[in-house]
Chemist: 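One structure is given below, represented as structure tokens, and several questions about it will come after.
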Amino acid sequence: MSVAWLRRLSLRARLLLVSVVVLAVGLAGGGVALVATMNFALLRTANTEALETARAVAALVNTDSLSDPVPAAPAVRVQVLNARGQVLSVSAGADRLVPILYARELSGLPDGEGMFIPGSRIGFDGRVRVVALAAGPADERVTVLVARPTDDLKQSVHLLRTTLLVTFPLLVALLALVAWRVVGAALRPVEALRAGAEEITGGARPGRLPVPDSGDEIHRLAVTLNDMLHRLDAARARQRAFVADAAHELRSPLTNMRTELEVAQRLPDTTDWPELAGDLLTDVQRLSRLVDDLLLLARADDATTRPARAPAEPVELGQLLAEVAGRYEVAYERPAVPLRVRGDRDALGRVVANLLDNAVRHARSAVRLEVVADGAYQRIAVVDDGPGIPAADRERVFDRFTRLDDARARDAGGSGLGLAIVRELVRRHHGTVTLRGAVPPPGLRAEVRLPAA
């Protein structure tokens, strides 16, 4: 129950409550320690004063210069007793007949030590500290008793305790007020972040939170949250573009298929069904490749799981490239020595196939495929003699659905996902892919570097 109501409080109230409790406990502990220390010090002072007086009287006894009455401070009572416990001399105000201590108390008190007795026994309020000290020659030993009242000292302790009890609530209230202001000032940037987040959620302003100039943890939190919002905005923008482009690409083959089927339905007698089936199969194949590409890239963008690592199986690139090159009219010479990497054979074959698709589509007359060892890497190169790609666009073409021309007809080229898939698959194999101009120009040289096995 207590935890439930505490959770209903605001953060500022909880911090204030914790601060006040800690301050109250600390002040209370400090007050108790102060009172106890002062009480101990005053009682020790009373004992010291009584013992010093007893030593002074003992010195008078030892020099046989003791007078009657015994010289002592007005607040102190002194008695000098013989061995039989009879009073020999007293100070002003002390009893001449009854000793300050009873016989049993005196016999059990070591020499030079003291004890507390009720002050009413000798006419004082409160407790009295009594010290006993032996003096005189060995054959005529006497005992000096000095009684020092502690009521005046207790008054000092009582005054301190009362002062603390009066000022303690005021001090706690003052500290609570200061803590409330300090906590409020400390949480003000947090409230600004909350209000900014609410405005962003409501769409009242762009997705940026206010960053305080304090340079503390709140500042770093705001910077981190803004970075997160930037990444989320970029991810949403990519997602919107991905969905829009995917819808556009999927609409093209679907529209072709629908048109062909509607024409065949309206003119059933003149329809060449084998040719129609071939056209539909072409569109279905294109649609299937596009869906596979979209699925691969969607899995790569999944932020909830890590991209699957490529299987670590040995792949001989010379043989793999020979198999892929056999499906194209390209120049390829298999290397004399095996060139091996570790990875997914199908994925690496798709990398080479995508590069060859682009090269064959844009080449004027020839495409060349080669693979060589390059230190700790194996380098695959696809070279064509087409128009090439301007240097400013060689990084942009790896973005999804990017085409340097605006054509979107299916005969003009692919879907714009080939190079994006190449980069993703090469990245999974811990390699790199780059585009550069062919030597001699014109043309384009695409290079893939993969760690050698």
Side-chain angles (χ1 to χ4, degrees), residues 249 285-286 289-290 292-294 296-297 300 310 315-335 339-374 377-391 393-405 407 410 412-452:
E249 293 295 334
Q285 289 174 346
R286 182 188 177 199
R289 287 195 303 270
L290 180 59
D292 291 341
D293 292 345
L294 292 175
L296 187 150
L297 294 175
V315 178
E316 206 285 297
L317 292 179
Q319 179 182 357
L320 175 64
L321 266 61
E323 296 174 0
V324 177
R327 303 196 296 266
Y328 300 86
E329 295 182 0
V330 298
Y332 172 69
E333 182 177 352
R334 182 171 177 175
L339 301 177
R340 294 186 175 87
V341 296
R342 300 188 69 84
D344 184 351
R345 181 181 179 86
D346 293 337
L348 294 177
R350 187 169 188 180
V351 168
V352 178
N354 283 5
L355 293 177
L356 288 176
D357 282 337
N358 285 340
V360 170
R361 184 180 304 116
H362 297 94
R364 290 173 180 159
S365 59
V367 175
R368 186 175 73 256
L369 174 64
E370 60 186 37
V371 57
V372 295
D374 185 10
Y377 293 85
Q378 313 290 12
R379 186 176 74 240
I380 303 172
V382 177
V383 185
D384 66 75
D385 59 354
I389 297 177
D393 296 326
R394 289 173 187 168
E395 184 65 24
R396 185 170 66 90
V397 293
F398 287 102
D399 296 337
R400 298 164 190 183
F401 300 106
T402 298
R403 291 172 177 158
L404 298 184
D405 55 0
R410 66 178 180 178
S415 62
L417 296 177
L419 290 180
I421 293 175
V422 167
R423 169 165 284 184
E424 174 62 25
L425 295 178
V426 170
R427 184 187 64 83
R428 292 189 186 185
H429 287 77
H430 309 289
T432 59
V433 55
T434 56
L435 301 178
R436 63 188 63 182
V439 180
L444 182 71
R445 181 182 179 90
E447 289 189 354
V448 175
R449 298 175 77 245
L450 299 171

Chemist: Can you measure from CG (D346) to CG (L320) and round to the nearest 0.5 angstrom?
Modeler: 9.0 Å
Chemist: Between R394 (side chain only) and I389 (backbone N and O only), is there a donor and an acceptor less than 3.5 Å apart?
Modeler: yes
Chemist: State the CG-CZ distance between D384 and R445, to the nearest 0.5 angstrom.
Modeler: 11.5 Å
Chemist: Taking all heavy atoms of A373 and all of Q378, pick out the closest pair and write down the distance.
Modeler: CA-OE1, 3.3 Å
Chemist: Of all heavy-atom pairs between A325 and V330, which one has the smallest distance, and what is that distance?
Modeler: CB-CG2, 3.8 Å
Chemist: Heavy atoms, side chains only, cut-off 4.5 Å: are V372 and I380 in contact?
Modeler: no
Chemist: If I compare all heavy atoms of L355 with all of A446, which pair ends up nearest, and what's the gap?
Modeler: CD2-CB, 4.1 Å
Chemist: Is there a side-chain contact between L444 and H362 in this structure, where contact means two heavy atoms from C-beta onward sitting under 4.5 Å apart?
Modeler: no
Chemist: Is any side-chain heavy atom of V426 less than 4.5 Å from a side-chain heavy atom of R423?
Modeler: no
Chemist: Going from CG on L356 to CG on L369, what distance comes out if it is rounded to the nearest 0.5 angstrom?
Modeler: 5.5 Å
Chemist: For the CZ atom of R396 and the CG atom of L419, what is their distance to the nearest 0.5 Å?
Modeler: 12.0 Å
Chemist: Would a 4.5 Å heavy-atom cut-off, applied to side chains only, mark H429 and R342 as touching?
Modeler: no
Chemist: Determine whether R368 and E333 make a side-chain contact, defined as any pair of heavy atoms from C-beta on separated by less than 4.5 Å.
Modeler: no
Chemist: Test side-chain contact (heavy atoms from CB on, under 4.5 Å) on V351 and V433; report intermediate values, then the result.
Modeler: CA-CA 10 Å; V351 168; V433 55; over 6 Å; no
Chemist: Might you point out which heavy atoms bring V383 and A438 nearest each other, and give the distance in Å?
Modeler: CG1-CB, 3.9 Å
Chemist: Out of V324, L450, V448, which residue meets the side-chain contact (heavy atoms from CB on, under 4.5 Å) rule with L348?
Modeler: L450
Chemist: If we ignore hydrogens and angles and just use 3.5 Å, is the side chain of Y332 paired with the main-chain N or O of G318 as donor and acceptor?
Modeler: yes
Chemist: With a sphere of 6.0 Å drawn around CD of E329, does it hold more than 12 non-hydrogen atoms of other residues, nucleotides or ligands?
Modeler: no
Chemist: Taking atom CG of L321 and atom CD of E316, what is their separation to the nearest 0.5 Å?
Modeler: 9.0 Å
Chemist: Out of curiosity, T432 OG1 to R379 CZ, how far, rounded to the nearest 0.5 Å?
Modeler: 11.0 Å
Chemist: Can you name the closest pair of heavy atoms from P387 and R364 and give their distance?
Modeler: CA-NH2, 4.3 Å
